[in-house]
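Right, one structure below, let's go through it.
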Amino acid sequence: MNNPGNIEIKRKIAVAGLPNTGKTLIFNGLTGDYNLVANCPFTTINIKNMPFSIDGDNDIEQYELIDTPGIFRFNTYSRSEMVTRDLLLFDSPDMIIQCIDAAQLKQSLSLTIDLLDLNIPLIICLNAIDETVRKGIVINSQRLSAILKVPVVESVATTGQGLDELKNAIRATFINYNKSLTTAPRNHYESSRTSAAPVSHHDLSRISTTLGNHNDLSRISTTLGNHNDSSRVSTTHRSHHDLSRTSAETMTHHNSSNVSSLSHIHTDYEDGISAIYSLFPENLSHKRVWAFLLMMNDPFVLSGLERLYPKEEIEPVISKAESIRKHFKGNIGLEINKKRNRWIDDVVEKVVRRQKLELEDFSQKVAGICRHPFWGVPVLFAIVYVMFLLVVHVANNIAAWMESHLWVPVEELVVSFLPTGFWHDFLIGDYGVLSLGVANAVITVLPILSVFFIMFNTLEDIGYIPNLTVLTRRLFQKVGLSGASVMPLVLGFGCKTMATMTTKSLQSPREKFIAIYLIAFAIPCAAQMGLNMSILGRMGTTAFLIVFSVLFVVEVTAGLLLNLLLEKEDQCLFIQELPRIRMPEPKAVLVKTWYKLYWFLKESLPVFIYAALALFTLDRVGVLDASKIFLSPVIEGFLGLPLEMVDALILCMARHEAAAGLIMNLIAARKLDFVQCIVAVTITTMFIPCFANIMAMIHELKFKSALGMAIIINVSSFLIAGLLNWVLLKIFV
Amino acid sequence: MNKKREREEYLEVLWRIKEDGIEDPDYLKNAFGSDFEPTIIEDLEQAGHILTGDNGSIVTLTDAGYEYARKIIRAHRIAEKLICDALGGDFESGACEFEHILNTDLVDSICVLLGHPRRCPHGKPIPQGDCCKTAARTVQSPVMPLTELESGMSGRVAFINYSDDMQIYKMDTLKIKPGGMIKLLQKSPSFVVSCEGGDVALDDAVASNILLWKEGGQFNAGGENMLGPGKCRRKRGFGFMRRKSA
């Protein structure tokens with residue numbers, strides 16, 4: 001636009017940051033789009049691109065915004081963090097906005113160092129600044145900006161405060177950057193030669209001078225943009241130590257005059273980084289980051305480099321890095337961390353002021369009760385019970401009202417025109433497009449989901465659900481799950497598809513397999529849970545208790561069995577960051593519920609209609625009856641269910657929610673009694689996971705294992721339901 | 001020049017060559033540069049600590065030599081740990097002096113005092129002593145595992161035992177690191193600590209490997225200067241130091 005004749009490529013801006021720092025909130029705020037947000041780490045699993053524009057004084061700037069999954073630091077084990085790292089390293093966005101939870105500044109600054117190393121313009125967005133104020137922490141953001149030499153914007157992403165400032169900062173940063181480019185024309189994402197990038201180099205070397213800790217920091221910055229490493233080394237390494245005895249080496253200093261004779265004993269990692277710097281292929285971008293990753297012995301660094309260059313070309317760098325690591329006195333990773341931490345502590349000390357008085361922390365108290373070994377359990381049960389009551393008494397009444405006020409008139413209208421015959425059946429028969437398709441989705445399922453989602457989203461907004469990991473960890477440990485896999489399982493109660501995808505972050509294939517299996521098996525997702533509550537509510541609290549106890553026992557048994565069957569391996573440790581408990585934001589909860597319902601209707605309504613059509617066709621052709629006769633020994637004999645349940649099971653394959661409506665109809669028609677109802681709900685909960693979940697399983701496992709898993713799950717759900725039927729009949733009849 | 005001491009220095013380098021799998025035959029020579037003394041190699045060979053090759057260049061440790069070197073390395077790294085953690089000072093030069101003075105019993109008692117650290121401040125493994133195998137404990141130990149802190153109390157991390165670098169990196173990103181303050185919120189059913197404004201859940205295995213200074217802990221230069229009000233008693237020095245001065 002500004003340069004006619006040039007093809008304008010939209011500039012890409014990536015939003016990155018630690019998990020649960022409000023990246024998606026900022027993304028939603030800037031683009032006006034809506035993506036799921038929650039007070040929970042790893043809500044975003046995939047990268048999302050979206051165009052957005054900023055109104056300027058006399059023009060509109062177009063950009064492309066990229067939302068990324070949370071990342072702690074570049075050096076990582078976790079595949080979900082790798083998604084973000086690959087994006088930043090390979091696709092080099094034109095700008096990065098780092099979201100920082102202001103209350104956890106120190107944690108975020110490690111990532112800031114990594115991002116500064118990229119030499120890409122950076123804006124820091126200090127999020128949740130309202131909560132830090134409440135906690136009595138004051139962050140001097142201007143000072144932070146002066147130290148880091150990047151713009152720092154304060155924001156409260158949940159309410160949208162600070163978005164305008166952020167937009168201004170984006171514009172201003174690009175304008176400043178372009179100015180600096182005109183003085184030294186050069187393509188900035190080619191950081192290969194760039195390391196000598198005028199802007200960033202200059203900026204970063206100033207970081208060091210502003211900070212007291214000159215010695216360490218000049219290292220962090222100098223090598224960043226430095227080709228003449230040797231000359232720098234001698235100036236920064238001022239101290240001379242007697243190296244005639246190796247034991248007199250110190251960790252931070254060494255005698256530069258002895259470098260030649262001791263070239264293979266590195267005592268400072270910066271020497272290592274400089275040493276491998278020059279060995280990289282000339283046109284490699286982000287050399288410093290790659291050098292850093294090689295020094296840290298990062299598990300994915302080799303595959304990353306091999307994506308860019310043939311093996312032979314990078315071989316010398318890798319062997320050099322290996323030898324440096326080997327001959328480094330001490331653990332090079334710890335050394336790097338230690339230096340970074342010193343820098344971070346220094347920065348934080350300069351910009352953060354705390355009130356001496358520790359305020360009574362309400363959120364800590366609530367969190368403490370939720371995670372309490374004794375009170376945590378009653379709190380959990382109370383929450384579930386309240387949800388149950390609300391679904392049964394509020395949602396079912398809304399559904400009944402909608403039925404009589406919305407559905408009955410339609411039904412009467414159709415009957416008045418088409419009293420009987422094909423079209424009557426086609427529209428409002430047992431398998432009618434309107435009755436089983438539209439009314440089932442909109443009138444039966446939608447009210448239940450609305451009520452349930454409002455409550456569930458409130459819990460998510462409060463940050464309650466991740467805290468359950470604390471309560472449930474011991475249990476999960478018994479079924480062979482440790483550490484990182486607790487979180488995906490807990491998330492399974494929200495959405496099983498999403499939970500399956502978060503298993504990406506598990507390193508151990510064994511745990512991943514167990515976790516995916518258990519998520520797919522007896523855990524009801526939020527929608528299923530709501531509908532189960534509604535169905536079982538018609539039979540009373542006892543039915544509800546029985547079903548959930550059975551599902552619980554099944555899940556634990558399945559876990560124990562898998563744990564026994566699969567080969568043992570070292571358990572990874574449980575280190576799980578927890579989100580802060582906060583007051584729910586009613587607007588955010590309602591918006592989220594609205595979108596979830598909107599997506600449900602958008603995705604499911606067609607599925608409901610197609611499923612109804614399919615059943616209608618099968619029924620007309622006679623296949624349905626034939627299959628019912630064929631399946632009757634299993635359904636009627638083994639499971640003790642009426643034959644109509646075959647329809648429900650078929651609908652289940654299309655969409656679990658669709659089966660719920662049919663079961664409710666059967667209850668209304670008194671075709672399901674207490675025991676049958678329990679068996680029906682149990683089997684539909686365990687039966688074939690929804691399509692999206694199966695796709696996620698295939699994505700995370702190999703096709704064969706995913707398919708095998710689905711088959712085992714289905715067979716065992718039939719067996720368990722049959723067994724349950726037998727037991728219940730013994731007890732209740 | 002103290003011959004015993006020089007011999008020990010050579011054994012130490014030979015241990016490191018073995019530990020790091022260094023294949024460079026001239027490593028030993030280079031390490032000492034112009035101070036390299038072939039006579040010390042001869043002395044060591046006579047003492048039965050090392051074996052030399054035909055041309056005298058290739059040197060390996062004998063079993064006896066290995067044991068001797070192990071003791072020196074252990075003393076050195078334990079000393080480093082003591083000086084680094086307790087005094088936060090330049091541990092390297094002090095440790096070098098220490099290793100030649102400390103006898104096995106003394107090293108073991110410092111090891112007990114420090115709670116049997118497994119790695120020196122550089123991250124190198126500390127060879128185990130008899131005290132580690134029996135997991136001996138004394139009440140005087142200035143550090144204690146996080147598992148022994150009372151809920152609601154804060155403590156400063158002295159060091160963290162770990163088996164895998166990535167584990168320590170992960171904790172580092174959450175700012176659970178030597179010198180940092182953490183507050184224990186609860187112990188059961190999982191450990192939950194508050195650190196730098198974030199809450200982190202840990203299992204028992206991780207918690208028992210986080211070692212804290214028992215009281216106050218103003219020895220380490222961390223960034224955090226503030227302690228919770230009244231949550232943490234500040235006293236100068238730790239156990240054995242106070243007793244000495246009293």
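Below, all heavy atoms of this structure are taken into account, side chains as well, without hydrogens, waters or symmetry copies. Chain letters run A, B, ... following the sequence lines, proteins first and then strands; every chain starts at 1.
Side-chain atoms of B/K175 and A/S110 include a donor-acceptor pair closer than 3.5 Å.
Across B/V200, B/T173, B/D204, B/L185, the residue that shares the most heavy-atom pairs under 4.5 angstrom with chain A is B/T173.
Taken to the nearest 0.5 Å, the NZ atom of B/K177 stands 4.5 Å off from the CG atom of A/N341.
Within the 4.5 angstrom heavy-atom criterion, atoms from both the backbone and the side chain of A/V470 approach chain B. At a 4.5 Å heavy-atom cutoff, the contact between A/I344 and chain B is made by side-chain atoms alone. Proximity to chain B is absent for every atom of A/S108, based on heavy atoms less than 4.5 angstrom apart. Residue B/C120 does not touch chain A at all, counting heavy-atom pairs closer than 4.5 Å.
Side-chain contact between A/R474 and B/S190: absent, with no pair of heavy atoms (C-beta onward) separated by less than 4.5 Å. Between A/E577 and B/D199, the closest side-chain pair of non-hydrogen atoms is not below 4.5 Å. Side-chain contact between A/N75 and B/Y169 is present, with heavy atoms from C-beta onward closer than 4.5 Å. Residues A/R371 and B/Q186 form a side-chain contact, since some pair of their non-hydrogen atoms from C-beta on lies under 4.5 Å apart. Residues A/Q104 and B/E196 fail the side-chain proximity criterion, which asks for heavy atoms closer than 4.5 Å.
When every heavy atom of B/S188 is checked against every heavy atom of A/P373, the shortest pair comes out as O-CD, 3.0 Å. The shortest heavy-atom contact between A/F72 and B/L174 is CE2-CD2, 3.9 Å.
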**OP:** Please test B/D172 against A/R73 for salt bridge (charged side-chain N to carboxylate O under 4.0 Å, His left out), starting from the C-alpha separation and ending with a verdict.
**Re:** CA-CA 10 Å; B/D172 185 80; A/R73 55 191 292 156; 3.5 Å; yes
**OP:** Could you check A/Q576 against B/D203 for side chain to side chain contact (heavy atoms under 4.5 Å, CB included), going step by step and ending with a plain yes or no?
**Re:** CA-CA 9 Å; A/Q576 176 67 57; B/D203 61 18; over 6 Å; no
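Of the possible donor and acceptor atoms, one in the side chain of A/R473 sits under 3.5 Å from a partner among the backbone N and O of B/P189.
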